[in-house]
Visitor: 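To start, I am sharing the structure in question, which I have written as structure tokens.
Quick note: numbers below take in every heavy atom, side chains included, and nothing from hydrogens, waters or symmetry partners. Chain identifiers are assigned alphabetically (A, B, ...) following the order of the sequence lines, protein sequences preceding nucleic acid strands; residue numbering begins at 1 within each chain.
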Number of protein chains: 2
Amino acid sequence: MEMKSVTRSLRILEAVAQHQPVTVGELTKIFGLPKSTVQRTLVSLAEAGWLRANRKDTTRWEIGARVLAVRPAALQGSSLFAAAREPMVRLRDAVNETIHLSVPDALQCMVVVDRVDCDHPVRTFHTIGDTSPLHATAVGRAVLAHLPRRDVEDLIAAGLERFSDTTPGEPDELRAELDRIRTDGYAVNRNQFRPGVCAVAAAVLDEDGTPLAAVAVSMPEARYDEERAPKWGRLVADTAAEISQRRLGA
Amino acid sequence: MEMKSVTRSLRILEAVAQHQPVTVGELTKIFGLPKSTVQRTLVSLAEAGWLRANRKDTTRWEIGARVLAVRPAALQGSSLFAAAREPMVRLRDAVNETIHLSVPDALQCMVVVDRVDCDHPVRTFHTIGDTSPLHATAVGRAVLAHLPRRDVEDLIAAGLERFSDTTPGEPDELRAELDRIRTDGYAVNRNQFRPGVCAVAAAVLDEDGTPLAAVAVSMPEARYDEERAPKWGRLVADTAAEISQRRLGA
DNA sequence: GCACAGCATTCCACATAGTGGCACGGCCTT
DNA sequence: AAGGCCGTGCCACTATGTGGAATGCTGTGC
């Protein structure tokens with residue numbers, strides 16, 4: 001609505017991140033903006049230290065390291081991040097599947113903030129920064145299950161988009177699943193968001209019980225085993241609990 | 001020079017990152033800008049998804065998760081990041097000191113991008129995103145030693161700022177030290193940038209020998225042992241080499 | 001319980017600050 | 001040598017952001 005130049009420059013910054021190293025011309029095609037406008041914006045972003053010219057081809061732009069100093073509140077001081085690292089590696093060693101750490105963003109979506117890979121040739125792939133809806137994934141519901149009822153109802157009121165025929169689209173379906181998560185201590189996702197992707201997740205909690213993040217074991221459907229779910233659920237819940245404790249200790 | 005609103009909004013974004021969660025009033029004091037200007041900027045940043053209101057106190061602002069999708073070229077696809085993780089943990093286990101991974105930014109400075117902590121009650125402290133000059137630190141010189149002579153001379157021409165009485169302020173002093181690093185395979189820093197902080201570092205190289213990053217063991221001066229330096233130097237160099245190889249394998 | 005103080009938020013007339021069409025110049029291809 | 005392509009610089013126009021002042025909210029102390 002306002003600050004057109006600001007919102008536009010951030011859009012351009014995001015586009016540079018996706019396509020780096022990228023030229024002015026490529027960006028004008030993406031946005032359909034005049035060359036001079038894009039050029040001026042890039043120079044300004046570079047002046048602020050957020051962008052820089054590529055070393056090998058100086059007409060290409062890429063993201064500068066300044067962005068690393070700007071981290072979401074949940075990762076401030078890296079306490080969550082640092083606390084999560086080693087438990088995640090141990091969990092990966094125990095199950096040999098990809099482990100993700102995700103944080104909720106403004107109760108709108110979950111964002112992947114860290115990942116520990118497994119060595120299967122076939123594995124799920126999420127990049128750091130990827131987002132997913134709260135109601136349709138294991139990490140999302142693991143967090144939802146620990147939020148005040150009000151927030152859950154707000155989310156339901158906003159509408160439960162369906163991504164596959166197993167996505168919980170009905171309010172009661174979701175409420176029942178959240179109850180199950182609270183009693184069992186872990187969340188499960190079978191093809192409910194991305195087809196062929198399954199996961200088992202549990203929430204990392206603040207000292208006052210607020211969910212800060214969720215850890216997930218995620219795997220292709222072919223390796224998902226119904227029998228094994230409770231065992232892995234317990235492993236994930238233990239890992240999440242350990243991260244919560246380590247964080248408080250720091 | 002240009003795009004005043006853009007550069008200013010990025011400054012404000014950085015200030016929010018430092019002080020989050022922060023109010024409009026606090027920011028106006030920091031920048032000495034009119035309230036309405038700061039307020040409008042915050043709303044615009046929030047509209048773009050980079051900022052959000054704090055959940056508990058909605059008049060306080062904090063960084064949103066959008067920034068995580070924007071990563072420097074060196075970390076693109078997380079290949080460096082993911083490759084470095086486990087060798088760094090093993091190095092920490094071997095020496096029980098804090099391990100840092102840093103990348104050069106535009107040949108102007110080194111930026112800390114990852115960290116594995118040790119369990120000493122007294123330890124060095126650098127946050128992810130912290131920057132340091134190339135010529136005055138172990139990570140910086142480990143990278144410099146693998147750059148083309150031209151780039152090194154440009155840096156020397158720009159002036160070698162001294163931060164303590166041991167900082168290499170003379171061109172020849174620096175050149176000699178870079179030669180030593182190339183023959184020994186590791187760089188050392190004794191109080192040359194931050195007083196009381198010592199480190200041993202080695203560079204992570206690209207397939208064509210370009211330095212991408214540096215790993216460092218860093219410790220308080222009290223625990224730095226001259227005798228042990230060559231042994232730790234070899235450990236760090238091995239770790240760096242392992243990271244280089246893993247990255248190429250991916 | 002009222003008045004005040006401190007804060008975030010909204011409004012609006014003004015002029016500055018960003019816009020974008022155009023033209024220049026370098027580089028590679030034909 | 002000519003042509004096309006792309007990054008960069010220029011400048012008159014006006015849309016856009018500015019910031020002082022008004023509004024509205026919240027909590028505090030008399």
Visitor: Take the protein atom CD of Glu47(B) and the nucleotide atom P of dT9(C), then report the distance between them rounded to whole Å.
Guide: 13 Å
Visitor: Reckon Thr59(B) has a side-chain N or O less than 4.0 Å from the OP1 or OP2 of dA8(C)?
Guide: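 No.
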Visitor: So, does the side chain of Ser36(A) form a donor-acceptor pair with the base of dG21(C) at under 3.5 Å?
Guide: yes
Visitor: Quick one: Gln39(B) CD to dT10(C) C1', roughly how many Å, whole number?
Guide: 9 Å
Visitor: Quickly work out the Arg60(B) CZ to dT26(D) C1' distance and round it to whole Å.
Guide: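 Whole-Å distance recorded here is 15 Å.
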Visitor: Name the closest nucleotide to the Arg40(A) side chain, picking from dA8(C), dG18(C), dG9(D).
Guide: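 So the side chain of Arg40(A) is nearest to dG18(C).
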Visitor: Specify the separation, in whole Å, of atom NZ of Lys4(A) and atom C1' of dG18(C).
Guide: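 Rounding to the nearest Å, NZ of Lys4(A) and C1' of dG18(C) are 10 Å apart.
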Visitor: Is it true that, when you exclude Arg60(A) itself, more than 12 heavy atoms of the residues, nucleotides or ligands shown sit nearer than 6.0 Å to its CZ?
Guide: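 Check passes, neighbour count above 12.
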Visitor: Please lay out, stage by stage, how Val111(A) and Arg66(B) fare under the test side chain to side chain contact (heavy atoms under 4.5 Å, CB included).
Guide: CA-CA 8 Å; Val111(A) 186; Arg66(B) 177 73 54 98; over 6 Å; no
Visitor: Look up atom CZ in Arg182(A) and atom CD in Glu177(A), then write down how far apart they are to the nearest 0.5 Å.
Guide: 10.5 Å
Visitor: Whole-Å distance between dC7(C) C1' and Leu42(B) CG?
Guide: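 Atom-to-atom, Leu42(B) to dC7(C), this comes out as 14 Å.
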Visitor: Can you tell me the distance, in whole Å, between the NZ atom of Lys35(A) and the P atom of dG7(D)?
Guide: 8 Å
Visitor: Looking only at the side chain of Met3(B) (C-beta and beyond, no hydrogens), which of the listed nucleotides dG17(D), dT9(C), dG18(C) gets closest?
Guide: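 Taking heavy atoms from C-beta onward, the closest nucleotide is dG18(C).
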Visitor: Does Thr37(B) make a side-chain N or O approach to OP1 or OP2 of dG17(D) shorter than 4.0 Å?
Guide: no
Visitor: When the distance from CG of Leu33(B) to P of dG17(D) is rounded to whole Å, what number comes out?
Guide: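 It is 16 Å, rounded to the nearest whole Å.
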Visitor: Tell me the interatomic distance from Trp61(B), atom CH2, to dC7(C), atom C1', rounded to whole angstroms.
Guide: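 Going from CH2 in Trp61(B) over to C1' in dC7(C) covers 15 Å.
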Visitor: Could you check whether Asp179(A) pairs with Arg175(A) (Lys NZ or Arg NE/NH1/NH2 to Asp/Glu carboxylate O, under 4.0 Å)?
Guide: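 Salt bridge between Asp179(A) and Arg175(A), a charged N being under 4.0 Å from a carboxylate O: no.
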